[in-house]
Protein chains: 2
Amino acid sequence: MSADPSARRGIPDATVARLPEYLRALTGLAERGITSVSSEELASAAGVRSAKLRKDLSHLGSYGVRGVGYEVDHLAYQISRELGLTQDWPVAIIGMGNLGHALAAYSGFATRGFRVVALLDQDAGLLGQEIAGITVQPMTVLDELVAEQGLAIGVIATPAASAQEVCDALVAAGVRSILNFAPCVLVVPDDVDVRKVDLSTELQILAFHEQRKALAAEGALGAVALEPVKPELNRVVGR
Amino acid sequence: MSADPSARRGIPDATVARLPEYLRALTGLAERGITSVSSEELASAAGVRSAKLRKDLSHLGSYGVRGVGYEVDHLAYQISRELGLTQDWPVAIIGMGNLGHALAAYSGFATRGFRVVALLDQDAGLLGQEIAGITVQPMTVLDELVAEQGLAIGVIATPAASAQEVCDALVAAGVRSILNFAPCVLVVPDDVDVRKVDLSTELQILAFHEQRKALAAEGALGAVALEPVKPELNRVVGR
DNA sequence: ACGCTTTTGTGAACGGATGCACAAAGTCAC
DNA sequence: GTGACTTTGTGCATCCGTTCACAAAAGCGT
Ligand SMILES: NC(=O)c1ccc[n+]([C@@H]2O[C@H](COP(=O)([O-])OP(=O)(O)OC[C@H]3O[C@@H](n4cnc5c(N)ncnc54)[C@H](O)[C@@H]3O)[C@@H](O)[C@H]2O)c1
Ligand SMILES: NC(=O)c1ccc[n+]([C@@H]2O[C@H](COP(=O)([O-])OP(=O)(O)OC[C@H]3O[C@@H](n4cnc5c(N)ncnc54)[C@H](O)[C@@H]3O)[C@@H](O)[C@H]2O)c1
């Protein structure tokens with residue numbers, strides 16, 4: 001049992017998911033030359049309530065000053081450290097189709113603690129081609145990437161039909177964190193984390209709410225609105 | 001108060017978020033010629049526990065048959081209806097850069113109840129150009145799109161600096177559902193839904209867990225593991 | 001030095017989501 | 001027709017996350 005006050009492990013998943021947004025908000029403030037910020041201001045910049053922000057930050061330690069607020073640089077550093085962004089994580093993108101091309105060209109990786117170390121594809125016609133300054137390689141280099149570059153994160157941008165196969169290859173090579181853009185469920189061992197980004201799902205959730213709004217408007221024409229309007233600030237469909 | 005048994009409004013957000021995955025699993029089963037499925041099998045295909053699946057489905061009505069399971073086609077139809085996918089939703093993509101190009105070329109829209117009716121950009125150099133068979137138009141056509149095509153959903157694929165401006169234009173034109181790919185918080189009126197897809201956030205969450213795994217492995221070398229291994233099937237980082 | 005103001009950090013109440021376990025409801029073999 | 005078997009739908013307990021509200025802590029002005 002360590003007595004270190006910051007050694008509190010077990011940050012809730014919901015909090016971890018919001019830390020990147022706080023970090024982004026802090027970066028924006030720092031760029032505007034702001035050095036100190038209250039929980040109210042930062043929460044507003046990040047699109048959450050101040051109580052939630054404070055509780056989230058309390059899980060990392062006590063970095064605020066009562067009556068004043070948080071020092072922007074220091075808090076940004078603490079969040080970066082907690083997220084493991086004080087080092088650069090090597091990332092490989094697999095599947096250089098439409099989406100893979102866009103991802104490879106995306107500058108948002110480098111600015112946020114990630115480094116694209118490889119672009120992989122199965123298509124012989126793509127191999128050797130250069131995309132965004134990186135040569136496309138075959139899947140066989142995976143073991144080497146893990147051993148020599150410390151590859152830790154794989155991004156799957158292949159069609160759904162190939163995704164599980166690619167996933168298995170990543171896991172076999174030792175990659176334990178996977179970001180999946182293919183619309184399918186991946187089966188992985190317990191120690192591997194998978195996160196999914198799914199455009200269709202997001203659109204379908206929007207469609208559900210859109211339909212509800214359309215029906216509500218229709219209903220309101222002939223009768224009193226079935227549901228009272230909920231006054232709510234800055235409504236965003238919760239996840 | 002209608003007595004219609006299917007008129008149960010107020011499906012939990014968490015359930016709505018999973019319906020698209022169930023629908024996809026059902027579509028896959030139907031393609032393989034399977035006509036009937038149990039909650040256990042469908043749950044496994046969708047990557048959830050069967051009890052959760054059954055509770056989710058119970059919110060839409062009672063479409064299963066005890067002792068047998070669910071009829072694939074019928075359940076798929078019911079979920080589609082609930083999500084509002086029995087009609088095609090017109091979608092506009094704003095910002096035809098790297099990401100916008102990939103999205104425009106993406107076939108996943110049409111197969112899932114969406115129709116790209118317009119591609120918009122501010123850049124005069126792109127206007128009039130054809131991408132995936134659709135001509136790029138200026139932002140000024142927004143009002144027309146809403147009035148004549150019934151545009152309901154806008155996809156923002158511009159840089160973060162322009163996103164709020166584009167969002168305001170969409171809202172002013174009457175669009176009330178927005179999918180945002182730019183890494184920033186959008187401020188909208190209460191009746192507008194915004195969902196965000198954020199690559200960096202997802203990677204940063206993976207980095208957090210990756211770091212924990214690295215630290216745990218390190219700690220295990222010199223001492224007994226600090227945390228007991230949790231046996232958990234098919235672990236996916238929860239959201 | 002001291003009291004006033006501001007803002008944090010957190011205990012406690014609340015609400016929603018998850019997982020368990022089983023009665024009810026249906027099928028199917030005979 | 002009947003009984004054994006399968007699988008759904010759901011009540012209940014539990015867990016996790018959010019929100020409220022305030023005492024404690026720090027700065028600041030006088
Ligand atoms: N394009 C988009 O905007 C978009 C949006 C959301 C989701 N997606 C999803 O992302 C994935 C990729 O989409 P895309 O439009 O880029 O597809 P694509 O067909 O243009 O590209 C797929 C690439 O993957 C490669 N590939 C196929 N099997 C492989 C294997 N086993 N190993 C290595 N490489 C392999 C192919 O050679 C091809 O280059 C799909 O699952 C799609 O559903 C795409
Ligand atoms: N490229 C990727 O893989 C990727 C991944 C994740 C997130 N994103 C995000 O998606 C967004 C777009 O990325 P990108 O790489 O395609 O950028 P990009 O710079 O290639 O393209 C942006 C496009 O938006 C247009 N635009 C700018 N301001 C506009 C305005 N006010 N109205 C209409 N159009 C406008 C520009 O003309 C340009 O064509 C960015 O916010 C980026 O952070 C991109």
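- Nucleotide C:dT7 holds its P atom 16 Å from the CG atom of A:Leu57, rounded to whole Å.
- For B:Lys52, the listed nucleotide lying nearest its side chain is C:dG19; candidates were C:dG19, C:dG9, D:dT18.
- Atoms CZ (A:Arg54) and P (D:dA21) sit 13 Å apart, rounded to a whole Å.
- Look at A:Tyr70 and you won't find any side-chain N or O under 4.0 angstrom from OP1 or OP2 of D:dA26.
- Not one side-chain nitrogen or oxygen of A:Ser38 sits closer than 4.0 Å to the OP1 or OP2 atom of C:dT7.
- Counting only N and O atoms by type, the side chains of A:Thr86 and A:Arg81 include no donor and acceptor under 3.5 Å apart.
- Comparing A:Ala51 and A:Gly67, the nucleotide of DNA chain C nearest to each residue sits closer to the 5' end for A:Gly67.
- In this structure, A:Leu60 atom CG and C:dT10 atom P are separated by 12 Å, rounded to whole Å.
- Contact check, B:Ser39 against D:dT7: no side-chain N or O comes under 4.0 Å of OP1 or OP2.
- Rounded to whole Å, atom P of C:dG19 lies 9 Å from atom CZ of B:Arg18.
- Rounding to whole angstrom units, CG of residue B:Leu75 and P of D:dT8 are separated by 11 Å.
- The nearest whole Å value for the distance from the CG atom in A:Asp56 to the P atom in D:dC16 is 16 Å.
- Below the 3.5 angstrom threshold, one finds a donor paired with an acceptor across the side chain of B:Arg66 and the base of D:dT8.
- Side-chain atoms of B:Lys55 and base atoms of C:dG19 include a donor and an acceptor less than 3.5 Å apart.
- Atoms CD1 and CG, from A:Ile153 and B:Leu203 in turn, are 6.0 Å apart once rounded to the nearest 0.5 Å.
- A donor-acceptor contact closer than 3.5 angstrom is absent between the side chains of A:Ser36 and A:Glu71.
- Results of the side chain to side chain donor-acceptor pair (under 3.5 Å) test with B:Tyr22 over B:Thr15, B:Thr27, B:Asp56 single out B:Asp56 as the only residue that passes.
- A:Arg49 places its CZ atom 18 Å from the C1' atom of C:dT8, with the value rounded to the nearest Å.
- Remark: C1' of C:dT7 and CD of A:Glu71 are 17 Å apart, rounded to the nearest angstrom.
- Counting all heavy atoms, side chain and backbone alike, B:Gly95 lies closest to B:Thr158 at CA-CG2, 3.7 Å.
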